[in-house]
A.B. asks: 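Structure below; questions to follow.
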Protein chains: 2
Amino acid sequence: MSDILSYLTTEQPKQEHVQQDNFIVLVEPSPEDACSLINRHRSRFVIVLYGNLRAHYEGRAKSDLELAPRLVILKPDGALLIHEATKREPVIWQPPKATLYAQVDNGILVLKSVRTNPYEVVKIEIPSLYFLGLFKLGVTENYKVIGSEKDIVDFLVKNLDFVEPGLKLISREFETNVGSIDLLCEDKDGNLVVIEVKRGQAGPEAVHQLKRYVEHMQKTTGRNVRGILVAQDISSSAFRYLREYGFKFVRIPQKVLIGLMSTLK
Amino acid sequence: MSDILSYLTTEQPKQEHVQQDNFIVLVEPSPEDACSLINRHRSRFVIVLYGNLRAHYEGRAKSDLELAPRLVILKPDGALLIHEATKREPVIWQPPKATLYAQVDNGILVLKSVRTNPYEVVKIEIPSLYFLGLFKLGVTENYKVIGSEKDIVDFLVKNLDFVEPGLKLISREFETNVGSIDLLCEDKDGNLVVIEVKRGQAGPEAVHQLKRYVEHMQKTTGRNVRGILVAQDISSSAFRYLREYGFKFVRIPQKVLIGLMSTLK
DNA sequence: AACTGTATGTCGATC
DNA sequence: GATCGACGTACAGTT
């Protein structure tokens, strides 16, 4: 079976074939054929390999994978993923901008991916390559995820009363040298109010972030400064901190978020 | 070409074929064949689909992908990935434990993946399916990445003089209700020393984390407490904080880390 | 199941 | 290029 498949996909004149088709698949290609196809098409196709392979990663950390069947994905931007049977995450990977080198060493297909800054190397040896697929993919322009923190801040800017009646907006993304404050306001009593927004459940870090901003504004303005944390939820320990520091928590009910998400698009 | 390939892969008795082979590939399968294969084998194979597809995600946030060629990966643990031509990250995904439903609606292959807690749904419509691959993959047991923070702490425990001569270990992973302190020590002058370890470059958060621990230990013990941040590097603003709070920074040169990584395995 | 902290995090925005 | 914070973060370890 494999021979026939290989034959079918390789016997045609490559250039034309590639230009009109948006994918090529080979079953049990020779290392040489695979290497040649990879080198010729890696800048235009996403390449999927399935084979028995060893892999080694070294850079910020280091790890090794012994010989086993795995899936390798090579993208035109240099991203490289090695996947196993489980997890959303690859076991070993290289982010975009890595450079790929494919060659045949002693009859074995070897892929090497090198990245700089930080310098990191992934080396893959594939003694048995069972499948090679080249697929033409695109990139969705203007891809937008709705419901991010930015969307919530947008909403709050237009509905400040939702946080607390009488708030007046001073600035959005107010830059300080301790970070950027999501919303800086003034309350009905003339206090400065720092608002920190979190999309999901706020943890201890969110409260400490808020504290940092509040302290900074107190120090730099000398005014009385309040802190308000706005989120869908808050963890118990984060809530302890919150009360300790005298801050206020405003929950965004999921109902509001869903409504918010359905109005946007 | 496609017809012949499909034929080659489908005409054989499925059961035997599957049991002995570790992969099956089909070019331009019918939606019905694809659906049937997916439903029968999704718990044992990693499935790769290439086709022109629309996708919709809704849950913690929400997003849509218009019709375009993309790669879909389905894993036996329920993980689902939709990849485009670039990035290490999938555009849309589902983490493990999601449940997959595959069906044919009006002649179109439709995949639906549902996850609970949080409730999230990914729906994929594939009007044109060009390729379907089923690959048998494993999971590397005892997979270990070397050079994690834990490894560094291990090293420091055995080489406390590296941080500062005369340090004596009191506790590792000392649990407080503000978090767990990497290393709690006593210096040669009898001061309590809180050591926070970061693997890479320490940012402002690391310093604030350290501050939290130091303040907590001061409050609960009444003793004089020092703070030391150990990391490969520190960002400029983090260093400002560090000096402001009177903490100390100890750099782990990369040379030491590499040596550390080579001794472990 | 909820919570906490790490990650070879990745990614985008800003300086 | 360095820095910083968000992410549908994912994931592992603990309570």
Side-chain angles (χ1 to χ4, degrees), chain A residues 57-63 79-81 86-98 115-122 145-153 173 175 177-182 196-206 209 232-239 257 261, chain B residues 57-63 79 81 86-98 115-122 145-153 173 175-182 196-206 209 232-239 257 261:
Chain A
Y57 152 71
E58 185 150 6
R60 288 168 287 181
K62 168 177 151 173
S63 70
L80 177 156
L81 314 172
T86 61
K87 306 278 170 68
R88 200 206 79 143
E89 294 298 298
V91 259
I92 284 184
W93 72 90
Q94 202 69 286
K97 291 182 187 167
R115 172 197 189 190
T116 52
N117 194 10
Y119 180 77
E120 302 196 286
V121 182
V122 170
V145 176
I146 291 161
S148 61
E149 186 184 300
K150 186 180 166 303
D151 294 324
I152 297 172
V153 176
E173 297 297 319
E175 296 292 339
N177 55 27
V178 301
S180 135
I181 296 172
D182 288 333
E196 172 65 25
V197 179
K198 281 280 165 275
R199 212 193 58 79
Q201 173 173 288
E205 287 306 317
Q209 206 176 333
Q232 225 182 117
D233 198 2
I234 186 166
S235 76
S236 49
S237 74
F239 191 68
L257 274 178
M261 276 164 32
Chain B
Y57 152 73
E58 185 149 6
R60 288 169 288 181
K62 168 178 150 172
S63 70
L81 315 172
T86 61
K87 307 276 171 68
R88 200 207 79 141
E89 295 297 299
V91 258
I92 284 185
W93 71 90
Q94 201 68 289
K97 291 181 187 167
R115 172 197 188 190
T116 53
N117 196 10
Y119 180 77
E120 301 197 287
V121 182
V122 170
V145 175
I146 291 160
S148 61
E149 187 184 299
K150 187 180 166 301
D151 293 325
I152 296 172
V153 176
E173 298 297 318
E175 297 292 337
T176 73
N177 56 25
V178 302
S180 138
I181 296 173
D182 288 333
E196 171 66 23
V197 180
K198 280 282 164 275
R199 216 194 61 77
Q201 174 174 287
E205 291 305 319
Q209 204 175 336
Q232 223 181 120
D233 197 2
I234 186 166
S235 77
S236 49
S237 75
F239 191 68
L257 275 179
M261 276 165 31

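Chain identifiers are assigned alphabetically (A, B, ...) following the order of the sequence lines, protein sequences preceding nucleic acid strands; residue numbering begins at 1 within each chain. Just the heavy atoms: all of them, side chains too, but no hydrogens, waters or symmetry mates, feed the values below.
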A.B. asks: Provide the closest heavy-atom pair for B/Ala238 versus B/Pro204 in the form atom of the first, atom of the second, distance.
C.D. replies: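 In this case the closest contact between B/Ala238 and B/Pro204 is CB-N, 3.6 Å.
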A.B. asks: By the 4.0 Å heavy-atom rule, please label A/Glu173 as base, sugar-phosphate, or nothing.
C.D. replies: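 Counting heavy atoms under 4.0 Å across all strands, no contact is made by A/Glu173.
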A.B. asks: For the P atoms, the ones on C/dG5 and on D/dG8, what distance do you get once it is rounded to whole angstrom?
C.D. replies: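 Each nucleotide's P atom is 22 Å from the other's.
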A.B. asks: Quick one: on DNA chain C, does A/Ser236 or B/Arg88 contact a more 5' nucleotide (nearest heavy atom)?
C.D. replies: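 The residue whose closest nucleotide sits nearer the 5' end is A/Ser236.
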A.B. asks: Students often get this wrong, so: under 4.0 angstrom with heavy atoms, is A/Glu89 touching a base, only sugar-phosphate, or nothing?
C.D. replies: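 Sugar-phosphate, backbone atoms only, no base.
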A.B. asks: May I ask you to say what B/Gln94 touches in the nucleic acid, namely base, sugar-phosphate or nothing, with a heavy-atom cut-off under 4.0 Å?
C.D. replies: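 Answer is base: heavy atoms of B/Gln94 come under 4.0 Å of a base.
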A.B. asks: Check whether the side chain of B/Glu205 and the base of C/dG5 form a donor-acceptor pair under 3.5 Å.
C.D. replies: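 No such pair is found, so the answer is no.
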A.B. asks: Can you list everything that forms a side chain to side chain donor-acceptor pair (under 3.5 Å) with B/Glu149? Sequence neighbours excluded, please.
C.D. replies: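 Partners of B/Glu149 by the side chain to side chain donor-acceptor pair (under 3.5 Å) criterion come out as none, since no residue qualifies.
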A.B. asks: Side-chain atoms of residues 89-97 of chain A: list all donor-acceptor pairs with protein atoms under 3.5 Å, sequence neighbours left out, distances to 0.1 Å.
C.D. replies:
from: A/Glu89; atom 1: OE1; to: B/Arg88; atom 2: NH2; distance (Å): 2.3
from: A/Gln94; atom 1: NE2; to: A/Ser113; atom 2: O; distance (Å): 3.0
from: A/Gln94; atom 1: NE2; to: A/Glu120; atom 2: O; distance (Å): 3.3

A.B. asks: Give one of base, sugar-phosphate or nothing for B/Ser148, where a contact means two heavy atoms less than 4.0 Å apart.
C.D. replies: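 Counting heavy atoms under 4.0 Å across all strands, the contact made by B/Ser148 is with sugar-phosphate only.
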A.B. asks: OP1 or OP2 of C/dG9 sitting under 4.0 Å from any side-chain N/O of B/Arg199?
C.D. replies: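 B/Arg199 to C/dG9 OP1/OP2: side-chain N or O found under 4.0 Å.
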A.B. asks: Look up atom OG in A/Ser148 and atom CZ in B/Arg60, then write down how far apart they are to the nearest 0.5 Å.
C.D. replies: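 Separation between the atoms: 13.5 Å.
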A.B. asks: Mind checking what makes side chain to side chain contact (heavy atoms under 4.5 Å, CB included) contact with B/Lys87, not counting sequence neighbours?
C.D. replies: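 Listed in chain order: nothing, the list is empty.
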A.B. asks: Between C/dT8 and C/dT4, how far apart are the P atoms? Round to whole Å, please.
C.D. replies: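 About 22 Å, rounded to a whole number of Å.
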A.B. asks: Please state the P separation for the pair C/dC11 and D/dC11 - nearest whole angstrom.
C.D. replies: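 Straight-line distance between the two P atoms is 15 Å.
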A.B. asks: Answer with base, sugar-phosphate or nothing: what part of the nucleic acid does A/Pro95 contact at a heavy-atom distance below 4.0 Å?
C.D. replies: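 Sugar-phosphate, backbone atoms only, no base.
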A.B. asks: As a test of reading the structure: which of D/dG5, C/dC11, D/dT9 is closest to the side chain of A/Gln209, going by heavy atoms?
C.D. replies: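 Selected nucleotide: D/dG5.
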A.B. asks: Rounding to a whole Å, what distance do you find between B/Phe239:CZ and D/dA2:P?
C.D. replies: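 So the two atoms are 18 Å apart, to the nearest Å.
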A.B. asks: Would you classify B/Glu149 as touching base, sugar-phosphate or nothing, given that sugar-phosphate means primed atoms plus P, OP1 and OP2, and contacts are heavy atoms under 4.0 Å?
C.D. replies: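 Touches sugar-phosphate only.
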A.B. asks: If you find the nucleotide of DNA chain C closest to A/Ser63 and the one closest to A/Pro96, which residue's nucleotide is nearer the 5' end?
C.D. replies: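 First, find each residue's nearest nucleotide; the 5'-ward one identifies A/Ser63.
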A.B. asks: OP1, OP2 of C/dT4 versus side-chain N and O of A/Ser235: anything below 4.0 Å?
C.D. replies: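 Checking A/Ser235 against C/dT4: at least one side-chain N or O falls below 4.0 Å of OP1 or OP2.
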A.B. asks: Starting at the 5' end of DNA chain D, which residue's closest nucleotide do you reach first, B/Ile234 or B/Ile92?
C.D. replies: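 Result of the comparison: B/Ile234.
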A.B. asks: Using a cut-off of under 3.5 Å, enumerate the N/O to N/O pairs linking the protein to nucleotides 12-15 of chain C.
C.D. replies:
from: C/dG12; atom 1: OP1; to: B/Lys87; atom 2: NZ; distance (Å): 2.8

A.B. asks: Return whichever of B/Val91 or A/Thr86 has its heavy-atom-nearest nucleotide of DNA chain D closer to the 5' end.
C.D. replies: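 First, find each residue's nearest nucleotide; the 5'-ward one identifies B/Val91.
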A.B. asks: Can you tell me if A/Arg115 touches the phosphate of C/dT8, counting only side-chain N or O atoms and a distance under 4.0 Å to OP1 or OP2?
C.D. replies: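 Answer is no, no contact under 4.0 Å.
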A.B. asks: According to a strict under-4.0 Å criterion, is B/Trp93 in side-chain N/O contact with OP1 or OP2 of D/dT9?
C.D. replies: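 For D/dT9, neither OP1 nor OP2 has a side-chain N or O of B/Trp93 closer than 4.0 Å.
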A.B. asks: Once rounded to the nearest 0.5 Å, what's the spacing between atom CG of B/Asp151 and atom CZ of B/Arg199?
C.D. replies: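 Those atoms lie 9.5 Å apart.
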A.B. asks: Tell me what B/Gly200 touches on the nucleic acid: a base, only sugar-phosphate, or nothing, going by heavy atoms under 4.0 Å.
C.D. replies: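 No contact.
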A.B. asks: Determine the contact category for A/Pro118: base if any of its heavy atoms lies under 4.0 Å from a base atom, sugar-phosphate if only primed atoms, P, OP1 or OP2 are that close, otherwise nothing.
C.D. replies: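 No contact at all - A/Pro118 keeps every heavy atom at 4.0 Å or more from the nucleic acid.
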A.B. asks: B/Thr176: what forms a side chain to side chain donor-acceptor pair (under 3.5 Å) with it, not counting sequence neighbours?
C.D. replies: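 Scan of B/Thr176 (side chain to side chain donor-acceptor pair (under 3.5 Å), adjacent residues dropped) gives none.
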A.B. asks: Who are the salt bridge (charged side-chain N to carboxylate O under 4.0 Å, His left out) partners of A/Glu173, not counting sequence neighbours?
C.D. replies: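 If we apply the salt bridge (charged side-chain N to carboxylate O under 4.0 Å, His left out) test to A/Glu173, skipping adjacent residues, there are no hits.
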A.B. asks: Which listed nucleotide (D/dG8, C/dT6, D/dT3) is nearest to the side chain of B/Gln201?
C.D. replies: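 So the nucleotide nearest the side chain must be D/dT3.
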